[in-house]
Amino acid sequence: MAQEVSMKWSEYVEGSVQCTIFEGEDWVGFFATQGTPDMAASYFNARFRGRWEMSASECCSVCELRPTTWEERCAMAKLFGGCARVSIKLFLDKATLGRLSLDYFGYYSHELRDLWLDFGIELTPKGNIAVLASLAAPHPDSDSECIFRIYSPAGVPITDWTSGWHPIATSGYCGLVAQN
């Protein structure tokens, strides 16, 4: 099977399984040749039941249902290259959230506590994984806040957590070299 994957069911999603845990697996080719987004999602959801879930739209989203390995997360980000949104779950403890000084927890009655949060992921130009969560504005006159960090493909943190309104723009993540 070719390393590059073109999805028959979507003109927007093209990926790769090269150098991932999905490389050489037969299910990838079968998944890519499904005729419609509904068929692709049904096949994917049966294959990854309880771990990942794919929406049935042409510009799909793929959500981690429970924490998986970083190798699998990286493989999903590569497989669903293009316009697909891949999200994962990460645990942030109260101390880490406190250091970020988020308005989200300082307004009204939001309590600072340990949280599992959903993060969107994307591969950086150097092969690392950028994770980003957007927290809702604490009141109508606020903008949402973001939490951002870079991980190696093996899940080793490369940067500290950054918060604010534009953390990606100030992170310098494009220049970070992949670390395994």
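All values reported here derive from a predicted model rather than from experimental measurement. Hydrogens, waters and symmetry mates play no part in the numbers below; they use all other heavy atoms, side chains included.
Between Pro37 and Met54 the shortest heavy-atom distance is O-CE, 4.4 Å. Residues Ser152 and Ile158 approach most closely at N-CD1, 3.6 Å, considering heavy atoms. Shown here for Ser87 and Cys63, the closest heavy-atom pair between the two residues is OG-SG, 3.4 Å. Counting all heavy atoms, side chain and backbone alike, Cys19 lies closest to Glu23 at N-OE1, 3.2 Å. Of all the heavy atoms in Leu65 and Lys89, the pair that sits closest is O-CE, 3.4 Å.
Every residue meeting the side-chain contact (heavy atoms from CB on, under 4.5 Å) condition with Ser55, not counting sequence neighbours, appears here in chain and number order: Ser57, Cys60, Ser61.
The line from OG1 of Thr33 to CH2 of Trp9 is 11.5 Å long, rounded to the nearest 0.5 Å. Once rounded to the nearest 0.5 Å, the distance linking CD1 of Ile21 with OG1 of Thr69 reads 5.0 Å. In this structure, Arg149 CZ and Leu92 CG are separated by 8.0 Å, a value rounded to the nearest 0.5 Å. The structure places OG1 of Thr162 at 10.5 Å from CG of Leu132, a figure rounded to the nearest 0.5 Å. Between the CD1 atom in Ile121 and the CE atom in Met76 there is a gap of 9.5 Å [rounded to 0.5 Å]. Interatomic distance, Arg51 CZ to Arg66 CZ, rounded to the nearest 0.5 Å: 6.5 Å.
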- Item | Stepwise side-chain contact (heavy atoms from CB on, under 4.5 Å) test for Thr20 and Cys74 | CA-CA 7 Å; Thr20 72; Cys74 188; 5.7 Å; no
- What's the verdict on side-chain contact (heavy atoms from CB on, under 4.5 Å) for Ile150 and Ile129, showing C-alpha distance, side-chain angles and the deciding distance? CA-CA 6 Å; Ile150 302 292; Ile129 301 173; over 6 Å; no
- Residue pair Val86, Trp52: steps toward the side-chain contact (heavy atoms from CB on, under 4.5 Å) verdict: CA-CA 10 Å; Val86 178; Trp52 294 88; 4.0 Å; yes
- Give the C-alpha distance, both sets of side-chain angles, the deciding distance and a yes or no for side-chain contact (heavy atoms from CB on, under 4.5 Å) between Arg47 and Val28. CA-CA 11 Å; Arg47 172 94 171 67; Val28 176; over 6 Å; no
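By the criterion of side-chain heavy atoms lying less than 4.5 angstrom apart, applied directly or through intervening Ile, Leu, Val, Met, Phe, Trp or Tyr residues, Leu115 is grouped together with Leu100 in one hydrophobic cluster. Using a 4.5 Å cut-off between side-chain heavy atoms of Ile, Leu, Val, Met, Phe, Trp and Tyr, with links allowed through other members, Trp70 and Val17 fall into the same hydrophobic cluster. Hydrophobic clustering (ILVMFWY, side-chain heavy atoms < 4.5 Å, transitive): Met7 and Met39 are in distinct clusters.
The aromatic rings of Phe31 and Phe44 sit tilted relative to each other, their planes meeting at an angle between 30° and 60°.
Under a 3.5 Å cut-off, the side chain of Asp114 and the backbone N or O of Lys94 do form a donor-acceptor pair. Between the side chain of Glu122 and the backbone N or O of Ala130, no donor-acceptor pair lies under 3.5 Å.
When ring centroids are compared, Trp161 and Phe119 come within the 6.0 Å threshold.
Side-chain contact between Leu90 and Arg73 is present, with heavy atoms from C-beta onward closer than 4.5 Å.
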